[in-house]
Amino acid sequence: MNVVDLAHPAEEVAPELLGAILTHETPEGTVSITITETEAYSGSADPASHAYRGRTPRNAVMFGPAGHLYVYRSHGLHWCANIVTGVDGIATAVLIRAGRVIEGEELARERRGGKVESPRLARGPGNFCQALGITAEHNGTDLLTGASVALSEGEPVPAALIRVGPRVGVSKAHDWQHRFYLAGDPTVSAYRLSPRAKPSAGA
């Protein structure tokens with residue numbers, strides 16, 4: 001069982017999830033990935049959040065309870081996985097941006113299309129989901145109750161290794177310091193400013 005207390009705002013939980021492990025057990029095998037990069041999204045207070053304008057059928061999972069998986073399609077191409085945080089009724093979630101495959105590397109590589117270097121297997125939110133085998137069918141999965149997709153405790157991450165910066169590729173509230181990642185880790189994705197980004201108020 002994961003020791004991270006998820007019943008807090010996303011920006012508090014996001015750095016705590018660094019070093020935690022997501023595991024997916026399937027008939028093809030098991031893949032486990034240590035989380036190395038996250039981004040926090042703060043619901044109605046966050047213009048970049050899917051829940052900024054309220055509850056919809058698409059974002060309903062974000063409104064709780066904490067510990068469930070919110071999965072959505074990005075740009076019609078890639079699945080992205082978020083861990084719901086906070087309290088019921090308030091939509092906050094942490095996007096899992098990158099990780100290091102620690103179990104099932106060959107299966108992860110097969111899912112990613114073959115010749116992919118180890119650090120790149122789960123670098124970027126779409127690649128993370130592809131390597132782990134996460135799709136729309138996992139939306140709403142409870143990560144804390146023994147489902148096939150589960151969140152668990154990993155090795156403690158020293159605070160000195162955690163870096164904070166602006167979120168990647170979003171056009172609204174892009175300069176909020178809600179991205180958290182491990183310094184010097186080769187699995188962490190590169191920062192990319194959206195060409196549509198405009199200055200915004202901090203959070």
Side-chain angles (χ1 to χ4, degrees), residues 1-22 35-75 78-99 125-126 128-129 132 134-147 149-154 157 159 162-181 194 197-203:
M1 185 68 69
N2 179 59
V3 297
V4 175
D5 185 355
L6 300 174
H8 293 282
E11 61 271 24
E12 296 179 14
V13 176
E16 296 294 326
L17 284 170
L18 296 175
I21 299 168
L22 273 174
I35 298 169
T36 59
E37 181 183 5
T38 61
E39 282 181 349
Y41 288 87
S42 305
S44 61
D46 185 348
S49 171
H50 288 177
Y52 181 58
R53 301 187 184 281
R55 186 190 296 260
T56 67
R58 180 198 191 198
N59 68 26
V61 173
M62 288 185 71
F63 287 80
H68 286 235
L69 200 63
Y70 168 51
V71 181
Y72 69 89
R73 181 81 92 172
S74 176
H75 304 295
H78 308 292
W79 298 110
C80 295
N82 301 254
I83 297 174
V84 177
T85 68
V87 298
D88 286 2
I90 298 177
T92 65
V94 176
L95 172 67
I96 308 304
R97 282 205 54 86
F128 187 100
C129 280
L132 199 58
I134 297 298
T135 66
E137 69 177 278
H138 302 104
N139 187 44
T141 297
D142 188 340
L143 299 172
L144 305 178
T145 58
V149 185
L151 180 67
S152 61
E153 180 181 7
V157 173
I162 298 176
R163 298 290 183 270
V164 183
R167 295 181 291 199
V168 177
V170 296
S171 59
K172 298 178 180 178
H174 68 90
D175 46 3
W176 289 18
Q177 303 295 294
H178 281 189
R179 175 180 174 236
F180 304 87
Y181 58 97
S194 168
K198 297 179 180 180
S200 60

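Along the sequence shown, residues are numbered consecutively beginning with 1.
Taking both residues in full, the closest heavy atoms of Ala48 and Lys172 are given as CB-O, 3.2 Å, listed atom of the first, atom of the second, then distance. Here the shortest heavy-atom pairing between Val13 and His8 reads CG2-O, 3.6 Å. Closest heavy-atom contact between Leu143 and Leu69: CD1-CD1, 3.9 Å. In terms of heavy atoms, Val149 sits closest to Thr141 at O-CG2, 4.0 Å. Closest non-hydrogen pair, Ile35 versus Leu17, comes out as CB-O, 3.6 Å.
Proximity of Tyr70 to Leu95: side-chain heavy atoms (C-beta onward) are nowhere separated by under 4.5 Å. The side-chain heavy atoms of Thr38 and Ile96, taken from C-beta on, include a pair separated by under 4.5 Å.
Residues in residues 52-69 take part in no salt bridge (charged side-chain N to carboxylate O under 4.0 Å, His left out) pair, two or more places apart or across chains.
Tyr72 OH: more than 12 foreign heavy atoms inside a 6.0 Å radius.
For the pair Glu11 (side chain) and Pro9 (backbone), a donor-acceptor distance under 3.5 Å is absent. In terms of modelled atom types and a separation under 3.5 Å, the side chain of His174 and the main chain of Arg167 share no donor-acceptor contact. Side chain of Asn139 to main chain of Val71: a donor-acceptor pair is present (N/O by atom type, distance under 3.5 Å, no hydrogens or angles). In terms of modelled atom types and a separation under 3.5 Å, the side chain of Ser49 and the main chain of Ala51 share a donor-acceptor contact.
For Ala10, the side chain to side chain contact (heavy atoms under 4.5 Å, CB included) test picks out Ala40, Thr85, Thr92, Val94, with sequence neighbours left out. Checked against side-chain hydrogen bond (donor to acceptor under 3.5 Å, both in side chains), Tyr181 has no partners two or more places apart in sequence or in another chain. Residues meeting the side-chain hydrogen bond (donor to acceptor under 3.5 Å, both in side chains) test with Glu16, sequence neighbours left out: none. Among residues two or more places apart in sequence or in another chain, the side-chain hydrogen bond (donor to acceptor under 3.5 Å, both in side chains) test is passed with Asn59 by Thr56. Residues meeting the side-chain hydrogen bond (donor to acceptor under 3.5 Å, both in side chains) test with Glu39, sequence neighbours left out: Tyr41.
Atom CH2 of Trp176 sits about 6.0 Å away from atom OG of Ser42, to the nearest 0.5 Å.
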